[in-house]
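All figures in this text were calculated on a predicted structure; none of them were measured in a lab. Numbered from 1 within each chain, the chains take letters A, B, ... in sequence-line order.
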Protein chains: 2
Amino acid sequence: MTGQERRAQVLAVAEQEFAVAGLHGVSTETIAHRAGITQAYVFRLFGTKKQLFLACVDAAFERMTLAMLGAGGASGLEALTAMGREYDAMLADRTTLLLQLQGTTAAAAGDPEVRDAVRASFGRLWQAVADTAGLDPVAIKAFLAFGMLLNTGAALELAEVDEGWARQARTRIQPGLFNHITTETNQ
Amino acid sequence: MTGQERRAQVLAVAEQEFAVAGLHGVSTETIAHRAGITQAYVFRLFGTKKQLFLACVDAAFERMTLAMLGAGGASGLEALTAMGREYDAMLADRTTLLLQLQGTTAAAAGDPEVRDAVRASFGRLWQAVADTAGLDPVAIKAFLAFGMLLNTGAALELAEVDEGWARQARTRIQPGLFNHITTETNQ
DNA sequence: CAGCTAAGTTAGTAGGTAGTAACTAGAAAC
DNA sequence: GTTTCTAGTTACTACCTACTAACTTAGCTG
């Protein structure tokens, strides 16, 4: 296997592990074993555990950002509707959603390297949504806020909770909502 | 110092540590040392590290829930406005916000004990907001979604970021927004 | 003062942790 | 046909980890 192929494979394994367990919740040994290599080689490929973690988080935000940019073409509300569909499709990809969450919480630890990297990723995502939709800042903010709630839902596995509040957390929001937000906040 | 006093003190220290570093990001030794006792005594007081962590997360959600319930009295939109003020005041209490985030991400690991506890806490918070405001489910959902975004902002320390998107993430949302949401989703 | 209880410590176990240095097998290059 | 590069391993260090059992000290009570 070439270096690039191996790197991609290790990254894929690491993403799954970090997504559920977080930076300190899984060992490099576990990741290496699942990838079928020795732990020492993981360090050869990625330098430090933190760098591997950040590569995973970055990839997750990048996937989400590209999905949002890919929903462009149409403008304004239509673009937001398309992005909503994209975000909804992302619900199936639990790893991506959880990595955003894990990156965000890891950023709270105060390590500037982690914090700055996650900030930058989040900023790019925000900017992508804002540029693609071109709507009122409040509508963009609302859109991303619902995104954060979906991430929470993924972590708590609300899909399998049969209670009133959990069902309400699951209901798809109507795209028209953001149109009303835009209209009302600009009146 | 009595057992109860010591318990409360250890809990306070543990909350601060877990809030920034998460369940696996801080050792019981560190917490014990900061509380001025031996590590062994922490286990005598709380049984396991996980139980101590869950006690911290529980306390954070409980504080938030009580703050929301305390904003009641008025009904409907006025209650939501008051709750918004409460949530905004909570921004000063970074520990509480981050513990919600840490609890949520820890729940992703698949441990049923953690997941069920955090689910229950989150459900109680949701129910408290819903009962106090008594508004449309979509408005409640939007309110809590913005809450999740504030938690994210706390983790990334967006308050000190001087970029367009970060400034938009900081802007207070107008309470009237939720009224429009209620009106529009019920039309 | 004897006995009990509550608060707390000492000293350990058993295993995991990130990270490093030195080595090796095979293929490609000149 | 030797050299050089690439993918990968072995073997290790130094230390941290949650958790336990047995002991101690001080105050309260009969």
At a heavy-atom distance below 4.0 Å, what parts of residues 27-42 of chain B sit against DNA chain C?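 When residues 27-42 of chain B is checked for heavy atoms under 4.0 Å from DNA chain C, the hits, listed by number, are B:I37, B:T38, B:A40, B:Y41.
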I'd like to know if A:R119 pairs up with A:D116 as an ion pair, taking the criterion as any Lys NZ or Arg NE/NH1/NH2 lying under 4.0 Å from an Asp or Glu carboxylate oxygen.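 Salt bridge between A:R119 and A:D116, a charged N being under 4.0 Å from a carboxylate O: yes.
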Is the closest basic N to carboxylate O distance between B:K50 and B:D111 below 4.0 Å?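 A salt bridge is present here (some side-chain N lies under 4.0 Å from a carboxylate O).
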With sequence neighbours excluded, what pairs up with [X] under the salt bridge (charged side-chain N to carboxylate O under 4.0 Å, His left out) test?
X	answer
B:R94	none
A:E157	B:R115
B:D131	none

Please list, in numerical order, the residues of residues 11-26 of chain A that have a heavy atom closer than 4.0 Å to any atom of DNA chain D.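 Listed by number, there are none.
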Could you identify which residues of residues 102-113 of chain A place a heavy atom less than 4.0 Å from some atom of DNA chain D, listed by residue number, or say none?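 The stretch gives none, as no residue of it lies under 4.0 Å from the strand.
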Measure up the B:W165 and A:W126 rings against each other and bin them: parallel (under 30°), tilted (30 to 60°), perpendicular (over 60°).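 Answer is tilted, since the angle falls between 30° and 60°.
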On the 0 to 90° scale, with breaks at 30° and 60°, tag the B:F143-B:Y87 ring pair as parallel, tilted or perpendicular.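 B:F143 vs B:Y87 ring planes: perpendicular.
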Need one value for B:R44: base, sugar-phosphate or nothing, where a base atom within 4.0 Å counts as base even if backbone is also close, heavy atoms only.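 Since a base atom lies under 4.0 Å of B:R44, the category is base.
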What residues form a side-chain contact (heavy atoms from CB on, under 4.5 Å) with B:A155, not counting sequence neighbours?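 B:A155 satisfies side-chain contact (heavy atoms from CB on, under 4.5 Å) with A:T104, A:A108, B:L98, B:L101 once adjacent residues are dropped.
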Backbone of B:V129 reached by a side-chain donor or acceptor of B:T132 within 3.5 Å: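 Flag not set: sc B:T132 to bb B:V129 has no pair under 3.5 Å.
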Taking B:R170 for its side chain and B:L158 for its backbone only, find out whether a donor-acceptor pair lies under 3.5 Å.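 Yes; judged by distance alone, with no hydrogens or angles, the pair exists.
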Using a 4.0 Å cut-off to any heavy atom of chain B, which nucleotides of DNA chain C are the first and last in contact, reading 5' to 3'?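 Both ends considered, the range comes out as C:dA7 to C:dT10.
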Nearest 0.5 Å, what's the [atom1]-[atom2] distance between [X] and [Y]?
X	Y	atom1	atom2	result
A:F18	A:L11	CZ	CG	9.5 Å
B:M64	B:L99	CE	CG	10.5 Å
B:M90	B:N151	CE	CG	11.0 Å
B:K141	B:F146	NZ	CZ	12.5 Å
B:Q100	A:T152	CD	OG1	9.5 Å

Residue pairs passing the salt bridge (charged side-chain N to carboxylate O under 4.0 Å, His left out) test where at least one lies in residues 5-16 of chain B, sequence neighbours excluded: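 Those involving residues 5-16 of chain B are B:E15-B:R63.
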Leading and trailing nucleotides of DNA chain D with any atom under 4.0 Å from heavy atoms of chain A: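 Result: D:dA7 to D:dT10.
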Distance-only criterion, 3.5 Å: show the donor-acceptor pairs between side-chain atoms of residues 31-47 of chain A and protein atoms not counting sequence neighbours.
{"from": "A:R34", "atom 1": "NH1", "to": "A:E17", "atom 2": "OE2", "distance (Å)": "2.8"}
{"from": "A:R34", "atom 1": "NH2", "to": "A:Q16", "atom 2": "OE1", "distance (Å)": "3.0"}
{"from": "A:Q39", "atom 1": "NE2", "to": "A:T28", "atom 2": "OG1", "distance (Å)": "3.3"}

When the axes are fitted on five pairs at both termini, how much does the helix from C:dC1-D:dG30 to C:dC30-D:dG1 curve, in 10° steps?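 So the angle between the two local helix axes works out to 10°.
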